[in-house]
Amino acid sequence: MTQLTEAYKTILTKVETLELQNEDLARQNEKMANAMQAMAEVMRQTAATNEEKAAEREKRQLERDQMLIDTMRQLHADKQQEPKGFFSKLFGK
């Protein structure tokens, strides 16, 4: 009977220890889940910011390209308006 009581006490102690460990693990899991949610939110915000920056860069590049095209057209038009020199008139170039 004494051995049975001692075995029961040992089992009870181990069960209590396991319950405490389970509670600790549950708290750790909750903390990790919260941290993962926070990281996911940061990643979403970063992705949104990156998309905005990419759109702004693309817009600036298109504006720059359009300005370059306009400048090239203007230079071409100005060159067409220049009076031809003597040799150009003579040789037709």
Side-chain angles (χ1 to χ4, degrees):
M1 187 69 156
T2 306
Q3 287 179 346
L4 188 58
T5 304
E6 290 297 321
Y8 178 74
K9 287 180 183 177
T10 303
I11 291 173
L12 184 61
T13 303
K14 291 192 184 227
V15 166
E16 288 173 351
T17 302
L18 289 173
E19 286 175 350
L20 290 174
Q21 287 176 348
N22 281 342
E23 289 173 4
D24 287 342
L25 289 172
R27 281 192 292 274
Q28 288 176 4
N29 283 342
E30 186 176 342
K31 285 180 184 179
M32 290 177 81
N34 291 339
M36 289 179 67
Q37 286 177 348
M39 288 174 60
E41 181 61 29
V42 167
M43 288 173 64
R44 279 192 291 274
Q45 290 174 353
T46 302
T49 301
N50 287 344
E51 288 174 5
E52 290 172 6
K53 287 180 181 178
E56 183 63 30
R57 272 194 307 268
E58 186 175 338
K59 180 182 172 187
R60 284 195 316 262
Q61 185 176 4
L62 288 173
E63 289 172 354
R64 188 179 61 227
D65 290 349
Q66 186 61 45
M67 191 168 61
L68 178 61
I69 290 169
D70 292 342
T71 303
M72 289 174 66
R73 284 184 182 148
Q74 185 62 42
L75 287 172
H76 183 69
D78 291 347
K79 188 167 182 113
Q80 294 295 328
Q81 298 296 326
E82 288 180 2
K84 292 185 176 182
F86 173 75
F87 289 108
S88 296
K89 288 179 186 177
L90 182 63
F91 296 111
K93 290 188 179 187

When you look at M39 and V42, which way does the side chain to side chain contact (heavy atoms under 4.5 Å, CB included) test go after all the steps? CA-CA 5 Å; M39 288 174 60; V42 167; 5.6 Å; no
Using a 3.5 Å cut-off and no angle test, enumerate the donor-acceptor pairs between side-chain atoms of residues 12-20 and protein atoms at least two apart in sequence or in another chain.
residue, atom, partner, partner atom, Å
T13, OG1, K9, O, 2.8
T17, OG1, T13, O, 2.9

Which donor-acceptor pairs under 3.5 Å do the side chains of residues 57-77 make with protein atoms, sequence neighbours left out?
residue, atom, partner, partner atom, Å
Q66, NE2, D70, OD1, 3.0
T71, OG1, M67, O, 2.8
Q74, NE2, D78, OD1, 2.9

Do D24 and R27 pass the side chain to side chain contact (heavy atoms under 4.5 Å, CB included) test, and can you show the C-alpha distance, the side-chain angles, and the key distance before you say yes or no? CA-CA 5 Å; D24 287 342; R27 281 192 292 274; 2.3 Å; yes
When rounded to the nearest 0.5 angstrom, what distance separates CG in L25 from CD in Q28? 5.5 Å
CA sep, side-chain torsions, deciding dist, call: E41, Q45, side-chain hydrogen bond (donor to acceptor under 3.5 Å, both in side chains): CA-CA 6 Å; E41 181 61 29; Q45 290 174 353; 3.3 Å; yes
